[in-house]
Structures are given as structure tokens and as C-alpha cells.
Novice: 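Dropping the structure in here first, questions after.
Letters go in sequence order (proteins before strands), and every chain restarts at 1.
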Amino acid sequence: MEIASVIVDVPTKQTDRVFDYIIPEQWGGVIQPGMRVIVPFGPRNIQGFVIGLKAESEIKKLREILEPMDLEPVLNKELLELGDWLTDHTLCFKIFAYQVMLPAALKAKYEKKVKLAADTAVTELPLQLQPFFEHEDMLDWEAALKNGIVPLLQKEAAKGQLEVIYLVKERVKKKQQKYVKPSMTLAELSKEIDRIPANAEKQRQILRFFIENYHEIELRKLVSEVKTSTSTVKALVEKKLLTEFEMEVYRNPFAHRTFERTKPLPLTDAQQTAIAPILDAIERNQHEVFLLYGVTGSGKTEIYLQSIQEVIEKGQEAIVLVPEISLTPQMVNRFKGRFGDLVAVLHSGLSAGEKYDEWRKIQRKEVKVAVGARSAIFAPFENIGIMIIDEEHETSYKQEEMPRYHARDVAIERALNYNCPVVLGSATPSLESFARAQKKVYHLLSLPNRMNNQSLPSVEIIDMREELREGNRSMFSRKLFEMLKDRIEKKQQSVLFLNKRGHSSFVMCRDCGYVMNCPNCDISLTYHRVNEHMKCHYCGYESYVPKHCPECNSEYIRYFGTGTQKVEEELGKILPEARVIRMDVDTTGKKGSHERLLTDFKDGKADILLGTQMIAKGLDFPNITLVGVLSADTMLHLPDFRASEKTFQLLTQVSGRAGRHQLPGEVIIQTYTPEHYSVVLAGKQDYDLFYQQEMLIRKTRQYPPFYYLSLITVSHEQLITVVSEMEKVVKHIRSHVSSGTVVLGPAASPIPRINNRYRYQCLIKYKREPNLIKILKTILDQYQKDTKSGLQVSIDVNPFILM
DNA sequence: AGCACGCCGACT
DNA sequence: GTCGGCGTGCTC
């Protein structure tokens with residue numbers, strides 16, 4: 001008897017283990033590890049992953065697998081093992097580890113229905129129920145709830161007239177398209193054409209078409225080509241002259257675009273030096289992590305492209321990760337342009353179906369290169385030759401939900417398996433990576449100069465306090481205003497960057513300073529202009545903007561925070577002749593609008609591009625000669641030990657947008673803290689000095705890269721319970737870790753309450769703590785097992801956000 | 001997560 | 001005496 005070990009799709013501690021099922025005779029030899037199956041679980045049917053096969057089980061009363069959901073495994077052996085690794089290292093449920101590796105379309109959808117029993121007629125049911133089963137023998141549970149007939153249904157179910165069934169469905173179907181082909185040889189077809197009645201001219205035309213083009217064709221195409229209708233084609237199908245059939249086709253998100261093919265560019269001496277060790281590692285199948293540290297515009301992408309070229313020529317595959325926000329058409333073009341159809345692109349802009357199709361191309365090995373955001377690191381290749389992570393320092397590579405993995409760690413883990421190199425590229429490497437490069441853990445490759453030796457843009461830092469002192473209350477310094485005007489006259493383009501993170505618009509009373517907070521969470525509500533609403537980002541609470549301040553009844557209550565809209569309005573006032581394109585969540589919401597706005601700007605349809613984070617990256621137009629940062633320090637004061645690093649990185653990235661071609665670029669950075677080293681050094685584009693300064697601070701404050709971090713957060717409705725339980729946790733940890741380890745807490749979270757649950761946390765800083773995962777696991781086991789305490793514990797190993 | 005089983009209060 | 005509240009524990 002064959003038995004399958006299954007991980008079921010129920011994300012709880014109690015079910016986070018293997019369940020054994022009998023493989024029914026009919027599926028013997030078909031069901032393999034890595035396949036999804038439908039299994040009975042208690043009273044319902046759910047999805048599960050087969051992770052292994054065995055001959056016997058200790059469990060007596062085994063049930064049978066109902067059916068496989070796949071014809072071939074969706075997770076190969078390597079990915080199944082990677083799932084174990086993910087579970088161990090991020091302390092997540094197994095089911096989450098497997099699900100994160102697959103496109104969302106493969107996540108099951110569950111439906112509960114009520115079905116008329118086989119031997120029961122509709123008329124046997126109570127009159128009240130009969131209408132619901134007149135046309136169909138199934139009824140959605142949802143519909144039953146809405147109509148309030150659940151008790152009645154249950155009564156009938158008990159009698160055996162009705163049964164409750166549980167369906168497991170795919171989220172997205174493979175896209176099928178209708179095709180037509182001749183069902184006989186060319187010669188036979190030519191004969192048949194004469195037998196077509198004289199009045200059936202269209203049918204004859206269709207046959208003539210097939211005689212000239214003797215091959216299958218998409219039905220829709222045929223109809224438009226011959227200018228006929230589907231019914232005419234149907235007639236021929238009925239006469240058995242043609243055959244209609246369905247074929248799986250891929251949705252092609254790039255169908256409307258052509259990609260200009262590019263050839264490898266000649267490398268500069270610096271690039272040559274940098275690429276040599278990578279090519280060498282590819283050649284020798286050697287696992288090595290490279291940190292490609294190259295200033296903006298130094299030609300990192302060409303190094304990626306030529307390394308991939310080498311990998312493809314070796315018959316291997318490549319994964320390229322790019323941050324979601326810079327996964328722009330420009331970026332995609334560079335890969336598609338070089339490798340054409342060998343590239344699959346996975347990003348959030350695609351529909352679930354499109355993403356699934358791109359994933360299928362990878363699974364079927366029809367492509368050699370996968371380009372995508374974080375989760376593309378799980379691309380199901382089986383012969384990986386290189387993994388590249390561009391903009392390595394980006395925080396979006398860390399997932400903040402379960403499984404809380406970092407794409408860089410996954411890349412390195414997979415690379416060990418394939419004996420292949422990993423390339424981390426950045427103009428402003430994360431301190432962690434640069435420190436590892438200094439310690440020779442990573443192999444450092446530098447590109448210190450821009451291509452063609454263009455000079456880096458000149459940067460000027462403007463002290464906005466000074467502006468205010470001299471009576472300028474606008475958000476534009478006089479210098480920036482002058483320069484914007486100058487660029488418009490010269491017909492050159494400018495980019496204005498607004499750093500909104502951590503500074504979202506909130507409502508405040510100008511008289512008493514009252515700020516609108518969420519009643520469930522200790523955080524201010526965010527103003528949404530679209531529906532004139534206030535919304536809590538954590539629990540979804542919504543409220544209207546009050547006309548009068550609830551505290552002092554003043555009517556001077558209004559929203560604060562400089563949004564892009566406000567900047568746009570102000571620009572309209574001071575520079576009415578300027579043509580402005582605004583890019584933010586509001587204007588880029590619709591599919592393709594992001595691309596359209598950028599094309600418009602590229603084509604010179606605007607003088608100024610105004611936007612948030614999303615314009616900080618990948619923008620590379622020749623006519624941009626001015627970049628203005630409206631307020632450099634908005635995120636400098638966040639309660640985050642990486643605040644300086646993030647500020648430095650952002651300012652450096654933004655500055656890099658100017659003067660990348662013939663025209664020299666200038667950058668204006670407006671700030672209220674011009675003396676802060678991250679602002680000053682970003683102005684000088686001096687990464688090395690910044691690194692040294694920041695490392696000193698990290699060392700004294702015992703933060704990464706000198707220490708590793710783990711964060712435990714406990715939440716409960718009762719404040720006392722959280723504090724006392726957290727104290728127990730802290731005590732437990734303190735007694736189990738080594739003396740060099742620092743355990744901070746219990747302390748209230750930076751957001752002390754979310755959704756009426758109080759949150760306390762404990763931060764563990766350690767250099768070497770081989771048993772920490774085990775210790776953390778016991779804590780999770782203890783708390784997740786008993787659900788009745790109402791305590792929630794979450795653990796983030798190597799957190800990026802300490803909230 | 002669902003769902004069933006099971007033990008206590010307010011109704012016919 | 002029964003219906004139904006949700007506390008507890010199980011799902012191969």
C-alpha cells in the first residue's frame with residue numbers, strides 16, 4: 001500500500017505537521033512529492049502538498065487522497081527542501097513556506113455547497129426549500145446564509161435528503177483558446193472544395209484559405225482573416241472537413257510591445273575587471289557571493305546581462321531580482337531586449353493569470369531568465385547558473401508577513417545547492433553586505449566611476465530653516481525656484497522628489513494641536529482625499545473628517561503633511577507655465593498608467609516630473625538636468641536604527657537621476673537638518689565615509705552588522721497580561737542565552753496598540769547564538785499551542801522594521 | 001481555520 | 001423538558 005505524507009492547507013500550530021493518506025489504486029504511481037492534492041480533513045475537503053511517499057504509517061485509520069490537483073509536481077525536490085529550510089529559519093508554518101513559492105493562482109479557493117442527495121427528488125423537500133433546488137441540485141452555502149434557510153437545510157441533511165459538500169477549486173484556469181485545423185490531407189481538401197454547394201461561397205473561401213495555409217489557426221484569427229463568421233466554420237466542422245480543438249495558450253502581457261534587440265556592449269576596463277571573477281565562478285560552478293558596488297550610472301546592468309549570457313550559453317538558467325518599484329518597463333526592456341523570449345517577468349502589475357503563465361514558462365523550462373520582485377527568487381528552475389539581486393540594499397527584499405524571509409538569504413541558500421554565484425548589486429550597499437565584503441565573506445567588485453567618465457551631478461544642500469528665517473514660507477527654496485525656472489527656459493527637464501514615507505497626511509487642529517487617532521490602535525489616522533475619509537492603516541477603521549475639533553471646537557482643523565497634490569497646486573501658482581506630471585499612488589493606480597506617464601515625460605510632454613519613492617529608481621532620460629529633493633529629512637527621525645542609512649541611500653539614488661547623459665546634472669536637496677552626516681555625505685556622494693561613520697554608531701549601539709537581531713512581539717487585549725507574559729518570555733530567554741547576548745525588554749512596541757490589542761516586544765541582540773532558533777521555537781510552541789489564553793506571539797528573525 | 005461535541009441557561 | 005449559547009479539542 002502506498003501512503004503519502006501531506007502538509008495540509010490549515011495554517012495553525014496544531015496542524016503544522018505531516019498527515020498520512022492512502023493513495024488510492026487509481027492514482028498509484030501518479031501522485032508524487034511536490035504535487036498538490038485534495039484530501040478529506042475532518043468534515044471538509046482541503047488542499048494539501050504531498051511531501052513524501054512511504055509504504056506504511058503508524059496511524060491506523062487512514063483516509064484516502066481524493067484526487068491530485070496537478071499532473072506534475074509544482075514543487076521540485078530542491079524547492080521542497082528549501083521549504084524546510086524556510087520553516088526552520090523563519091519559524092513559520094510549513095504550509096506558508098510552500099505557498100510562498102507558488103504563484104497566487106495555485107492557492108486553493110474553497111466552496112461550501114449543499115447538494116440534493118442522489119436518490120431524492122426536489123418534491124420530497126419542504127415546500128420552502130424547493131425553489132432553491134428547482135434548477136440546480138447544488139446551492140452555495142453563502143446563498144443559504146443570505147436566505148436564512150440554514151436550519152431547514154440542516155434538518156434535511158440529517159434526514160439524508162441533502163448533503164453538505166466541500167469543493168476545492170483552482171483560483172485561475174489555464175487559458176484555453178479555440179483552434180481549427182483541416183481534418184484531411186491537402187489533396188483531399190482540394191477535392192472536397194468542389195463538392196461545396198454553389199451558394200456556400202464563404203465555406204469555399206475558408207477551404208481555399210486552408211489550401212493556401214495548410215496548418216492550424218486560431219478560430220478568431222481565421223474568422224477575421226477570411227471575413228466570415230464562426231457559424232460558417234462550424235458548418236465545415238460538422239461536415240468533418242475541419243476539426244476544432246482547444247489549446248493552452250499563455251496570456252502575453254507584452255503582446256502589444258516590441259522589444260528592440262540589443263547586442264552586448266563593449267565593456268569598459270572597469271567593467272571588464274569586475275565581470276571577470278563572476279564569469280570565472282560561473283565557469284567553474286563555484287558558489288560565491290559577489291557584492292557589485294558601483295555608483296549610479298556605472299554600468300552594473302551590462303555586467304548582469306553579460307553574466308547571464310554566459311550562463312545561458314552554458315545551458316543554465318538565471319534569476320534576477322529587482323525591487324518592485326523599479327520593475328519598470330525600462331528595466332524589463334533591457335532584459336527582453338537582450339534575451340527576447342527567453343525571459344519571464346514576474347511582477348505585481350500582472351494579473352494572477354498572467355503571473356501564473358509566466359511561472360508556467362519557467363516551470364516548463366521554456367525560458368532561461370526569470371526577472372521579478374522578491375518572490376521570483378523561488379522561480380522553479382532546476383539548473384540555476386546565477387542569481388542576481390539588483391539594488392541589494394532595498395528593504396523590500398525582506399517579507400514582513402509569514403514566512404518572514406529575506407530574498408538575499410534564500411538566494412544564497414539556493415546557490416549553495418546549485419554551486420553557482422550570487423551577485424548583489426548596489427550603488428549604496430547595505431551596511432550588512434558591505435561589512436561582509438570587508439571581511440572577505442563576500443567578494444567585493446567595484447565600479448567607482450560613471451560610464452564614459454561623466455561627472456557625478458553637483459549637489460547643493462539648502463537649509464530650509466534659513467529660508468524660513470528670511471521670510472520664505474513656501475516649500476520651494478529660492479534657489480530651487482530659480483533653477484526650475486531656468487530649466488523651463490532652457491527646455492530641459494527636472495525631477496522633483498517628495499519623500500512621503502513616515503509623513504503621511506494626518507488631520508490636526510491648528511488651535512490646540514489635537515491629532516485624530518484611531519480608537520483601536522495607537523496611531524494617527526491617515527487622510528484620504530479620494531473619499532474625504534480618515535483611515536487607519538492597521539485595522540481599517542474609517543471616519544469622516546470632522547468640521548470642528550472634538551477637543552476645542554475650533555474650526556481650524558485640517559489635514560497636514562505635504563502631499564504630491566499640494567506640491568502640484570503650489571507649483572501651478574509659482575510657475576504657471578510649467579507642465580507637470582505627477583506620479584504617485586493616485587495617478588499610477590490603473591494598469592499601464594505608470595508606463596504611460598513615464599513615456600509622456602520622456603517624449604518631452606512635461607517639464608517637471610513630480611513624485612514619491614517610485615521615481616527614485618531606474619529613471620534614465622537624457623534631458624533631466626535638475627533633481628530637487630523637497631525635504632530630505634522626513635524619515636530621518638523615525639524610530640528605526642536604519643533611518644540614517646535609508647536617508648543616505650535614498651538621497652544618493654535620487655541624485656543619481658540627474659545628468660546621466662551628455663548634459664551635466666545638478667541636484668538640490670532641501671532639508672531642516674543640513675548638518676546631519678547622512679545628508680552631508682549623500683551630498684558629497686561619499687559612500688565610504690558614510691559607511692565608516694555609520695559603522696561607528698552601529699558598533700556603540702550594538703546594532704547590525706555587529707549584532708544580529710531577533711524580535712519577539714506579544715499581543716493581548718489586556719495590558720497586564722501582555723506585560724506579565726512578556727516578562728516570563730524575557731526571563732526564559734535571558735536564562736538560556738550566552739552572556740554576550742543582549743536581551744532588551746519587555747518594552748511597549750513603537751505602535752503600542754493595534755486593533756485593541758496591546759503590544760509588547762523584546763529585542764534580542766547577539767553575535768553568536770547557535771541555539772537561539774531552538775529557544776524561540778519552544779516559546780512559539782508554548783504559546784501557539786494553547787489558543788485559549790488569547791495571547792498572540794510573533795517572532796521575526798532578522799527584522800527590518802522594529803514595529 | 002472550521003467544525004463537532006458537549007455542557008449550562010431561557011424558552012415552549 | 002428542549003433549543004441554542006460558545007468553550008474545548010480534533011482533524012491522517
Novice: Regarding N76(A) and Q363(A), do their side chains bring together a donor and an acceptor under 3.5 Å, going by distance alone?
Specialist: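 Result is no, nothing qualifies.
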Novice: Please list, by residue number, the residues of residues 39-50 of chain A whose heavy atoms come closer than 4.0 Å to an atom of DNA chain C; answer none if no residue qualifies.
Specialist: P40(A), F41(A), G42(A)
Novice: With a 6.0 Å cut-off on the ring centroids, do Y166(A) and F41(A) count as close?
Specialist: no
Novice: Between F800(A) and Y397(A), does the ring centre distance come in under 6.0 Å?
Specialist: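 No, ring centres 6.0 Å or more apart.
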Novice: Provide, to the nearest angstrom, the distance between the CD1 atom belonging to I59(A) and the C1' atom belonging to dC10(C).
Specialist: 13 Å
Novice: May I ask you to evaluate whether K112(A) reaches the phosphate of dG2(B), defined as a side-chain N or O under 4.0 Å from OP1 or OP2?
Specialist: no
Novice: Can you tell me the distance, in whole Å, between the CZ atom of R17(A) and the C1' atom of dC12(C)?
Specialist: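 One finds 8 Å between C1' of dC12(C) and CZ of R17(A), rounded.
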Novice: Answer with base, sugar-phosphate or nothing: what part of the nucleic acid does K60(A) contact at a heavy-atom distance below 4.0 Å?
Specialist: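 Here K60(A) touches no strand at all.
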Novice: Does Q26(A), at its CD atom, have more than 12 non-hydrogen atoms belonging to other residues, nucleotides or ligands within less than 6.0 Å?
Specialist: yes
Novice: Given dC12(C), dC3(B), dT11(C), which nucleotide is nearest the side-chain atoms of Y21(A)?
Specialist: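 Nearest nucleotide to the side chain: dC12(C).
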Novice: Parallel, tilted or perpendicular, judged at 30° and 60°: which one describes the rings of Y98(A) and F49(A)?
Specialist: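 Correct class here is tilted.
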Novice: Check whether the ring centres of H716(A) and Y758(A) lie less than 6.0 Å apart, and answer yes or no.
Specialist: no
Novice: For Y110(A) and dG2(B), is the shortest distance between a side-chain N/O and OP1 or OP2 below 4.0 Å?
Specialist: no
Novice: What integer distance in Å separates I7(A):CD1 from dT11(C):P?
Specialist: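 Rounded to whole Å, this separation is 16 Å.
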Novice: Under 3.5 Å for both distances, Watson-Crick or G-U wobble, that's the pair rule; now give the dot-bracket for DNA chain B, with | marking pairs to another strand and [ ] for crossing ones.
Specialist: |||||||||||.
Novice: Under 4.0 Å between a side-chain nitrogen and a carboxylate oxygen: does that hold for E324(A) and R374(A)?
Specialist: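 Looking at E324(A) and R374(A), the cut-off is not met.
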Novice: Against the six-membered ring of F19(A), is R17(A) placed for a cation-pi contact (under 6.0 Å from the centre, within 45° of the normal)?
Specialist: yes
Novice: Looking at D140(A) and K112(A), is there a salt bridge between them, counting it only when a charged N and a carboxylate O are closer than 4.0 Å?
Specialist: no
Novice: Applying the side chain to side chain donor-acceptor pair (under 3.5 Å) test to E170(A), which of R36(A), K107(A), Q47(A) qualifies?
Specialist: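 Testing E170(A) for a side chain to side chain donor-acceptor pair (under 3.5 Å) against R36(A), K107(A), Q47(A) leaves exactly one candidate, R36(A).
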Novice: Taking only heavy atoms on the protein side, list every residue of residues 150-157 of chain A lying under 4.0 Å from any atom of DNA chain C, sorted numerically.
Specialist: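 Contacts with DNA chain C under 4.0 Å: none.
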Novice: How many Å lie between OH on Y166(A) and C1' on dG2(B), as a whole number?
Specialist: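 Answer to the nearest Å: 8 Å.
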Novice: In terms of side-chain geometry, is the basic nitrogen of E72(A) or R360(A) positioned less than 4.0 Å from the acidic oxygen of its partner?
Specialist: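 Between R360(A) and E72(A) there is a salt bridge, with a charged N closer than 4.0 Å to a carboxylate O.
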